[in-house]
Trainee: 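I have a structure here, written as structure tokens, and I will follow up with some questions on it.
Residues: numbered from 1 along the sequence shown.
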Amino acid sequence: MRKNIVAGNWKMNKSLSEGIELTNEIVSAGNLDENVQVVLGTPFIHLTSVSKLVANSSNIEVSAQNCSDKTSGAYTGEISAEMVKSTGAEYVIIGHSERREYFKESNEELAEKLNQALANDLTPIFCCGEPLEIREKGTHFEYVCNQLTESLFHLSKDEFSKIVIAYEPIWAIGTGKTATSQQAQEMHAYLRTHLAEKFGKEAAADLSILYGGSCKPDNAQEIFACPDVDGGLIGGASLKSADFIAIVNSF
Ligand code: 13P
């Protein structure tokens, strides 16, 4: 059975003390839907502190927003998957469109990052999604399937069963322009079928596919009601506890 997941991606926001304050508000809220896996995607330097704060919460875990494609060594400024795991984090976001665009991460490099995450027992939240010009050309299904083929299709079935996918159309990120629930549903269903061809129907049916892009308390319910949408990857609205909690409680 696939899980419902709501993951916050704080991006490069919140000082350590602000991150601790936000986490405390979420942990102490006491009204989070217990059937939802909640994930807090914090900057690297917050991981250890935030992991300690959520240690006693049965349904809250912590995620990094990236990890290195290398194991260890002379890569100044990089953070390995093993280091992420050692903080207490259980998840890592891989291949966010901002990393693909600003840091030129390729599908091949992201395949290596996935390997690192899986080798270190982290759950990857693998991001995919098309830019506006691809959507306007009408080739978005092929574009996103290709991202998955090039980064995921080397995985074994067992490895595949450990990952989470987030579909984030780039034109909907931080723009206030969310995909319609119909657009989200049709892409999620398409991706599930594509993945079923490689990994089998059962494995694809068990995969959680999250939607990301201007997901807010006032649209989460409609998007999460789609049969192939299993939750959300939340940017802006994850920075305010009340908004984030309302999204978690939108199933
Ligand atoms: P927004 O929710 O701010 O549009 O960001 C989405 C996102 O990029 C989450 O990873």
Side-chain angles (χ1 to χ4, degrees), residues 3 5-34 36-96 98-99 102-103 105 109-110 112-127 159 162-164 166 208 210 212 231-245 247-248:
K3 273 188 199 167
I5 301 172
V6 173
N9 176 8
W10 296 0
K11 308 192 181 183
M12 198 172 74
N13 294 295
K14 302 281 179 194
S15 66
L16 179 56
S17 61
E18 289 167 348
I20 287 172
E21 189 182 337
L22 174 60
T23 305
N24 277 329
E25 287 168 10
I26 294 166
V27 168
S28 63
N31 61 346
L32 287 181
D33 183 341
E34 285 179 8
V36 179
Q37 175 66 64
V38 176
V39 180
L40 305 180
T42 82
F44 286 125
I45 64 144
H46 302 45
L47 291 173
T48 305
S49 309
V50 172
S51 292
K52 284 184 189 148
L53 294 176
V54 305
N56 293 325
S57 308
S58 59
N59 65 328
I60 310 180
E61 296 289 357
V62 177
S63 178
Q65 301 170 13
N66 180 31
C67 69
S68 176
D69 60 329
K70 308 290 194 304
T71 305
S72 66
Y75 301 103
T76 302
E78 286 292 273
I79 306 280
S80 70
E82 186 182 11
M83 292 172 189
V84 170
K85 182 75 182 185
S86 73
T87 66
E90 294 291 345
Y91 285 75
V92 58
I93 298 169
I94 290 180
H96 192 280
E98 289 150 15
R99 303 241 23 120
Y102 306 135
F103 304 97
E105 294 186 349
E109 183 181 352
L110 296 174
E112 289 300 322
K113 293 191 177 204
L114 268 178
N115 293 343
Q116 289 292 336
L118 290 166
N120 288 284
D121 211 13
L122 289 166
T123 300
I125 301 176
F126 185 81
C127 301
E159 289 170 326
K162 294 175 179 155
I163 72 169
V164 172
S208 296
L210 316 183
L233 183 55
I234 318 300
S238 73
L239 300 173
K240 282 195 190 142
S241 57
D243 287 355
F244 187 63
I245 291 165
I247 294 172
V248 170

Trainee: I need the minimum non-hydrogen distance between S80 and C67, along with the two atoms involved.
Mentor: C-CB, 4.4 Å
Trainee: Are side-chain heavy atoms of K162 and T123 found at a separation under 4.5 Å?
Mentor: no
Trainee: For the CD atom on E82, are there more than 12 heavy atoms of other groups (residues, nucleotides or ligands in this structure) within a distance under 6.0 Å?
Mentor: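 Atom CD in E82 is not crowded, with 12 or fewer foreign heavy atoms closer than 6.0 Å.
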Trainee: If I take atom CD1 from residue I94 and atom CG from residue L118, how far apart are they, to the nearest 0.5 angstrom?
Mentor: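 Result: 7.5 Å between the selected atoms.
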Trainee: List the atom of S238, the atom of W10, and the distance in Å for their closest heavy-atom pair.
Mentor: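 Result for this residue pair: OG-CD1, 3.5 Å.
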Trainee: In sequence, state the C-alpha distance, the side-chain angles, and the governing distance for L233 and I93, and then conclude on side-chain contact (heavy atoms from CB on, under 4.5 Å).
Mentor: CA-CA 10 Å; L233 183 55; I93 298 169; 4.2 Å; yes
Trainee: Compare every heavy atom of A237 with every heavy atom of I247, then report the nearest pair and how far apart it is.
Mentor: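 Heavy-atom minimum between the residues: CD1-CB, 3.7 Å.
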Trainee: Is there side-chain contact between V27 and N56, with heavy atoms separated by less than 4.5 Å?
Mentor: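 Not in contact.
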Trainee: Looking at Q65, is its backbone amide N or carbonyl O close enough to the side chain of N9 to form a donor-acceptor pair, meaning the two atoms are under 3.5 Å apart?
Mentor: no
Trainee: Taking D33 for the side chain and V248 for the main chain, is one N or O donor matched with an acceptor at less than 3.5 Å?
Mentor: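 No, because the side chain of D33 does not come within donor-acceptor range (under 3.5 Å) of the backbone of V248.
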Trainee: For E25, which residues count as a side-chain hydrogen bond (donor to acceptor under 3.5 Å, both in side chains) partner, sequence neighbours excluded?
Mentor: S241
Trainee: Please round to the nearest 0.5 Å and tell me the distance separating atom CD of E78 and atom OG of S72.
Mentor: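 So the CD of E78 and the OG of S72 are separated by 12.5 Å.
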Trainee: As an exercise, state the distance from CD of E90 to CG of D121, rounded to the nearest 0.5 Å.
Mentor: 7.0 Å
Trainee: With a 4.0 Å cut-off on N to O distance, would you call E98 and K11 a salt bridge?
Mentor: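 A salt bridge links E98 with K11.
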Trainee: Side chain to side chain donor-acceptor pair (under 3.5 Å): which pairs involve residues 36-51, sequence neighbours left out?
Mentor: none
Trainee: Let's go through T87 and F44 carefully: what are the C-alpha distance in whole Å and the side-chain angles of both, what is the deciding distance for side-chain contact (heavy atoms from CB on, under 4.5 Å) to 0.1 Å, and is it a yes or a no?
Mentor: CA-CA 9 Å; T87 66; F44 286 125; over 6 Å; no
Trainee: Heavy-atom distance under 4.5 Å between the side chains of V92 and K85, does that happen here?
Mentor: no
Trainee: At their closest point, which heavy atom of I234 faces which heavy atom of V6, and how far apart are they?
Mentor: CG1-CG1, 3.9 Å
Trainee: Quick check for you: to the nearest 0.5 Å, what is the distance between N120 atom CG and T71 atom OG1?
Mentor: 8.0 Å
Trainee: Using every non-hydrogen atom in the two residues, find where I5 and V39 come nearest and quote the distance to one decimal.
Mentor: CG2-CG2, 4.1 Å
Trainee: Rounded at 0.5 Å granularity, tell me how far CD in E61 sits from CG in L122.
Mentor: 11.0 Å
Trainee: Can you measure from NE2 (H96) to CZ (F103) and round to the nearest 0.5 angstrom?
Mentor: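 It is 11.5 Å, given to the nearest 0.5 Å.
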Trainee: Between S63 and L47, which heavy-atom pair has the shortest distance, and what is it?
Mentor: O-CD2, 3.4 Å
Trainee: Before giving the answer on side-chain contact (heavy atoms from CB on, under 4.5 Å), spell out for N66 and I79 the whole-Å C-alpha distance, their side-chain angles and the decisive distance to 0.1 Å.
Mentor: CA-CA 8 Å; N66 180 31; I79 306 280; over 6 Å; no
Trainee: Can you name the one residue among V54, T23, V50 that meets side-chain contact (heavy atoms from CB on, under 4.5 Å) with I60?
Mentor: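 Result for side-chain contact (heavy atoms from CB on, under 4.5 Å) with I60: V54.
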